[in-house]
Amino acid sequence: MVLGKKSIRIHGADCGVEALLLGAISSIGGFLFGYDTGQISGMLLFSDFKNRFGQVDDGSGGKDFEPIIQSLVVSLMSIGTLIGALCSSYTSDFWGRRKNLSFGAAIFVIGSVIQITAVNSWVHMMMGRFVAGLGIGILSVGVPMFQSECSPREIRGAVVATYQLMITFGILISNIVNFGVRAIEDSPSSWRIVVGLGILFATPLGLGVFFVPESPRWLAGRGDWDGARMSMARLRGLKHDHKHNLVEDDMKEMREILEKERSVAVGTWKECIIPKKNGVPKQVYRTLLGVALQFLQQWTGVNYFFYYGATIFQSAGIDDPIRTQLILGTINVVMTFYGLYVVERYGRRMPLFIGAIWQAAWLAVFAAMGTAVDPANSKASGIVMIVAAAMFIASFASTWGPICWVVIGETFPLRTRAKQASLATSGNWLGNFMISFLTPLATAGIHYSYGFVFVATNIAAALIVYFFLYESVSLSLENVDYMYSQPEIKPWTSAKWMPAGYTTRMKRDEKFFGGAGADDDERTQVSSSRPSRAVDDEKLAAKHSTDLPRESRDERVDRVV
């Protein structure tokens, strides 16, 4: 059967145009995250912003922030995102993945309006950032989950990594806008333009998400199998051929897993954090792993530079700190493009491990140089610190930035995916809050020695990846579950593991799934090289009874749930 004209072959996967549109529109959620993160760094330097919301005399007739107030203005957004991330587990399951994203975008717009209307009260501005953070938190859970549930396994990593790519774009655009309006920093229009543009950027997400398919896994979980089939067909570019073998194969795989999950009831919050025998392998293990990775993504130190980079480089004697921030933002974007290649070519484990070690090394250089030689009095010291920051960000952008979101999107079972993703992402926002709140206080007390804290956290991150994270590249979400259920597989050997019936993770063994000469009704040819589950189990077992152990249908479902 010939695939529809709207199907595009990407990395061995047959994708519909709507699947690509889904990835592009949903990734705007990442853009809003990055834009909101990057804008505050430059705004803290604007004269009008400081004079309106500052508390102390800066010595030149203007005002500046007390460290604790500056911490609150910057960091309360992260508290909002943490709460929003937890709420997203309910809204995404109740309303659906699409409406959840539209709701998050609407909350972000409301928060931006509150900020624009602030006049002289730093509390007013802080609460606006808190409300905007609620929307960002909802999107930070909803976008990677929506993308991972709708993407073919062959390109799932790259698609989910576009979320981080758009975060970097958001940071870069906010730096460009800050750079462009600094000429009018004495006017309230400077910071209001920066905040107001966020509303414009949120509109395509809030409205555009309704023009792409709903998650087929969410529809199937609610018993809407016709809707799930049509959604799957649209994502494969087979809208007018929804009974194609490729769609049948995907649907059969989903049905088997959901039938098993329903037999053990609906997943609860309790089982995400308390070990329980429910047929789901290493469930609490994966919750804790997800929380640790997301928390440590923030404690790599990246937002030390993106929240306070302009302030840091200004204190280091850099003539134009916003321009320096713009350069770092550009490096962040360019290297994230490379990260899209890294996540599919080299997997998840080794890039995260090597990236953490590399980041620790350059942060050590940054902290040591800033501590040994006062950069305000040494141009050479300032240059070395900028280079070290650039090398750190290059590593983060190609490893920990995108790959952490990919891991969150594919590690958890469907039964409790929304809840575990919310908990893991809440770990990210908890780390984000701690960084944004503690940095002004820490730098006021220990200055650049604060960088040594991030050296230690990066080393800890490398150890956690090596000893606890399983390699999930190119596996279906169901086979990721199966891999975690195998007691003989260790994280450091998991990259060599392959599901039954595969010669490599990207290529199936045709003999196992039917092979040459098999009758057409006993096999399903799948052009994406995914293993077909449409083959009748009993016929398959009989055909290979001489060299393969017999496995019942229930046993096959058990092993992937």
Side-chain angles (χ1 to χ4, degrees), residues 25-26 28-46 48-54 65 69-70 72-85 87-88 91 95 98-143 166-167 169-171 173-178 180-181 184-210 307 429 432-433 436:
I25 290 176
S26 59
I28 297 174
F31 181 91
L32 297 178
F33 175 3
Y35 187 80
D36 204 64
T37 297
Q39 69 183 23
I40 192 64
S41 180
M43 286 166 53
L44 288 172
L45 299 180
F46 292 165
D48 185 79
F49 190 82
K50 291 190 294 184
N51 290 335
R52 284 176 178 272
F53 306 114
F65 286 93
I69 301 300
Q70 182 176 342
L72 288 172
V73 170
V74 175
S75 66
L76 205 68
M77 188 200 82
S78 300
I79 293 297
T81 53
L82 191 155
I83 296 172
C87 291
S88 186
T91 54
W95 284 334
R98 293 188 307 173
K99 290 181 180 178
N100 179 57
L101 297 187
S102 185
F103 176 67
I107 296 297
F108 174 81
V109 169
I110 293 172
S112 297
V113 171
I114 294 174
Q115 291 177 71
I116 291 174
T117 57
V119 179
N120 293 307
S121 170
W122 66 268
V123 176
H124 190 153
M125 172 60 66
M126 179 183 69
M127 293 310 299
R129 285 181 56 77
F130 172 78
V131 174
L134 290 173
I136 296 296
I138 291 170
L139 296 174
S140 68
V141 174
V143 171
M166 292 301 288
I167 291 176
F169 264 116
I171 293 172
I173 295 301
S174 67
N175 289 336
I176 292 174
V177 174
N178 280 334
V181 301
I184 56 170
E185 66 172 301
D186 293 329
S187 166
S189 298
S190 57
W191 56 270
R192 283 179 174 147
I193 288 173
V194 176
V195 175
L197 284 175
I199 298 174
L200 178 64
F201 296 141
T203 303
L205 172 62
L207 299 178
V209 73
F210 290 105
Y307 278 136
W429 291 116
N432 192 305
F433 166 74
S436 56

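Any value given below was found using the heavy atoms of this structure, including those in side chains, with hydrogens, waters and symmetry copies removed.
- For Ile176, the side chain to side chain contact (heavy atoms under 4.5 Å, CB included) test picks out Leu172, Ile173, Leu326, with sequence neighbours left out.
- Taking both residues in full, the closest heavy atoms of Gln115 and Ala132 are given as NE2-CB, 3.8 Å, listed atom of the first, atom of the second, then distance.
- Considering all non-hydrogen atoms of both residues, Ile28 and Pro204 come closest at CD1-CB, 3.6 Å.
- Partners of Phe31 by ring pair (Phe, Tyr, Trp, His ring centres under 6.0 Å), not counting sequence neighbours, listed by chain and number: Phe201.
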Scan the side chains in residues 99-107 for donor-acceptor partners under 3.5 Å anywhere in the protein, sequence neighbours excluded, and list what turns up.
unit_1: Asn100; atom_1: OD1; unit_2: Thr91; atom_2: OG1; d: 2.5
unit_1: Asn100; atom_1: ND2; unit_2: Ser88; atom_2: OG; d: 3.3
unit_1: Ser102; atom_1: OG; unit_2: Gly206; atom_2: O; d: 2.9

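- Applying the side chain to side chain contact (heavy atoms under 4.5 Å, CB included) rule to Ser189 yields the partners Ile184, Ser187, Ile193; only residues at least two apart in sequence or on another chain are considered.
- A 4.5 Å side-chain heavy-atom check between Asn432 and Thr81 finds every atom pair outside the cut-off.
- Applying the ring pair (Phe, Tyr, Trp, His ring centres under 6.0 Å) criterion to Phe433, with sequence neighbours excluded, gives Phe437.
- Of all the heavy atoms in Ser190 and Phe46, the pair that sits closest is OG-CD1, 3.8 Å.
- Listed for the Arg129 side chain is no donor-acceptor partner under 3.5 Å among the backbone atoms of Leu76.
- For the atom pair CD (Glu185) and CG (Leu45), the distance works out to 8.0 Å, reported to the nearest 0.5 Å.
- In terms of the side-chain hydrogen bond (donor to acceptor under 3.5 Å, both in side chains) criterion, residue partners of Gln39 (sequence neighbours excluded) are, by chain and number, Asp36.
- Under the side chain to side chain contact (heavy atoms under 4.5 Å, CB included) criterion, Ile116 pairs with Arg192, Val195, Ile199, sequence neighbours left out.
- Between Leu44 and Phe65 the shortest side-chain heavy-atom distance falls below 4.5 Å.
- Inter-residue side-chain proximity for Phe33 and Val143 is flagged as unmet; no heavy-atom pair is nearer than 4.5 Å.
- Between the CD1 atom of Ile40 and the CD atom of Gln70 there is a distance of 8.5 Å, given to the nearest 0.5 Å.
- Annotation: side-chain hydrogen bond (donor to acceptor under 3.5 Å, both in side chains) contacts of Ser140 (sequence neighbours excluded): Trp429.
- Scored by the salt bridge (charged side-chain N to carboxylate O under 4.0 Å, His left out) test, Arg52 finds Asp48 as partners (sequence neighbours excluded).
- Taking the six-membered ring for Trp and thresholds of 30 and 60 degrees, Trp191 and Phe49 have ring planes more than 60 degrees apart, a perpendicular arrangement.
- A side-chain hydrogen bond (donor to acceptor under 3.5 Å, both in side chains) check over residues 117-127, counting only residues at least two apart or in different chains, returns the pairs Thr117-His124.
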message: Could you go through Val177 and Tyr35, starting from their C-alpha distance and side-chain angles, then the distance that decides it, and tell me whether this counts as side-chain contact (heavy atoms from CB on, under 4.5 Å)?
response: CA-CA 10 Å; Val177 174; Tyr35 187 80; 4.2 Å; yes
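- Closest non-hydrogen pair, Val209 versus Ile25, comes out as N-CG2, 3.7 Å.
- To the nearest 0.5 Å, the span separating CE on Met77 from CG on Leu82 amounts to 11.5 Å.
- For the side-chain hydrogen bond (donor to acceptor under 3.5 Å, both in side chains) test, no residue two or more places apart in sequence or in another chain qualifies with Asn51.
- Applying the side-chain hydrogen bond (donor to acceptor under 3.5 Å, both in side chains) criterion to Ser174, with sequence neighbours excluded, gives no partner residue.
- Using a 4.5 Å cut-off on side-chain heavy atoms (C-beta onward), Leu200 and Leu197 make contact.
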